[in-house]
Amino acid sequence: MQVVILDSAEEMGEYGADEILRDIDAERLDVLGVATGSSPLPVYAALARRASPAVAGLTAFALDEYVGVAHDHPQSYHWVIHRDVTVPLGLDPARVHVPDGAASDLAAACSAYERQIADAGGVDLQILGIGGTGHIGFNEPTSSFGSRTRIKTLTPQTRRDNARFFATPEDVPVHCVTQGLGTIMAAGRILLFASGLGKAAAVARAVEGPLSSMCPGSILQLHEHATVVLDREAASELTLTEYYRFVFDNRPDRHDE
Ligand code: F6R
């Protein structure tokens, strides 16, 4: 796992946009995995500023969706992805996919979502955030490392963390559908973004802690191409910070820059 520590949200966004555009240029990125939440917003903003026609040609798959929330509800991830990703990046809405949490048969909708990802050739690059519980997607602690898209129950902590987006804490849905850890791990490359002190403990457990379903993000230690992009606050509970900075400053793939 590579750990990149940057000084500001803007730098994190520019870093993410550079990596995405580099992969598109190298013809290894057609299908982008997108996350909702605050963490990836600087990346979407930086990509939107570049206004690259190559970005507009991407297919996108979102990680998760609340159960029982209509697609046009302002807090549904269908709506949030449309507002934060599809419109600013100029993507074709027909090529932007979000799990269907409003389906009458949720299990069938989850299986169909897995098939859609497979039919698109799989996710080439997955953008992630991490929750205070260590979740990635909405895979809360004790999620199976082999899990696929399915229904999950949010933890009280995640419901409290996400209450800021709803009128009252009780309005936060209890259930969600989310890509599984096995689904996420099948992506060719992963970029996880986290900022702020509130993420420091979860980041330290995911990056340096033991591999454990108690911190679902720790599964990224098994991914061949996972990069964790942090600000100083989110990196503050890591022990090998100096080494991560040294590795970044001496990247073997950048010796000619
Ligand atoms: C969002 C998602 C979640 C968030 C995580 C962090 O689609 O799957 O895992 O990435 O809850 O949220 P923020 O970025 O709002 O702190």
Side-chain angles (χ1 to χ4, degrees), residues 9 12-13 16 32-45 60-67 69 71 73-86 96-101 110 113 117 123 125-143 147-166 169 172-185 187 190-203 205-207 213 215-220 226-231 233-235:
M12 292 166 69
L32 182 67
V34 289
T36 55
S38 311
S39 308
L41 292 179
V43 179
Y44 304 143
F61 284 90
L63 284 166
D64 39 24
E65 175 59 288
Y66 293 118
V67 165
V69 176
H71 293 180
H73 185 286
Q75 291 315 329
S76 79
Y77 285 177
H78 274 78
W79 183 251
V80 170
I81 288 286
H82 185 75
R83 182 195 64 201
D84 294 343
V85 180
T86 311
V96 179
H97 308 278
V98 181
D100 189 358
C110 290
Y113 199 65
I117 296 174
V123 171
L125 188 154
Q126 177 66 55
I127 296 173
L128 292 178
I130 186 167
T133 61
H135 72 216
I136 52 175
F138 272 146
N139 294 281
E140 297 286 26
T142 73
S143 287
S147 51
R148 292 280 164 175
T149 304
R150 70 214 183 291
I151 305 158
K152 287 294 286 180
T153 305
L154 297 171
T155 59
Q157 182 180 340
T158 297
R159 293 187 68 232
R160 275 195 301 276
D161 289 347
N162 287 5
R164 68 190 192 277
F165 298 116
F166 290 84
V172 183
V174 171
H175 296 109
C176 62
V177 285
T178 179
Q179 286 188 33
L181 293 173
T183 320
I184 293 170
M185 286 294 284
I190 290 178
L191 286 179
L192 183 147
F193 295 85
S195 49
L197 277 179
K199 295 295 170 70
V203 164
R205 290 171 70 212
V207 174
S213 65
C215 178
S218 68
I219 196 176
L220 298 180
T227 304
V228 174
V229 186
L230 308 169
D231 66 5
E233 287 78 21

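Numbering of ligands and ligand atoms starts at 1, following listing order.
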Undergrad: Using the side chain to side chain donor-acceptor pair (under 3.5 Å) criterion, which residues pair with Thr86? Sequence neighbours excluded.
TA: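 Applying side chain to side chain donor-acceptor pair (under 3.5 Å) to Thr86 gives none.
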Undergrad: Taking only residues two or more places apart in sequence, or in another chain, which ones meet His71 in a ring-ring contact (aromatic ring centres under 6.0 Å, His included)?
TA: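 ring-ring contact (aromatic ring centres under 6.0 Å, His included) check on His71 returns His78.
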Undergrad: Among residues at least two apart in sequence or on other chains, which ones pass ring-ring contact (aromatic ring centres under 6.0 Å, His included) with Tyr113?
TA: Phe61
Undergrad: Could you tell me if the ring centre of Phe166 sits under 6.0 Å from that of Tyr66?
TA: yes
Undergrad: Quick one: pull up CD1 in Ile81 and OG1 in Thr36 and give me the separation to the nearest 0.5 Å.
TA: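 Taking CD1 in Ile81 and OG1 in Thr36, the distance rounds to 5.5 Å.
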Undergrad: Do the side chains of Leu128 and Leu63 get nearer than 4.5 Å, heavy atoms only?
TA: yes
Undergrad: Just to be sure I understand the cut-off, which residues have at least one non-hydrogen atom under 4.0 angstrom from an atom of ligand 1?
TA: Ala35, Thr36, Gly37, Ser38, Ser39, Leu63, Asp64, Gly129, Ile130, Gly131, His135, Gly137, Arg164, Lys199
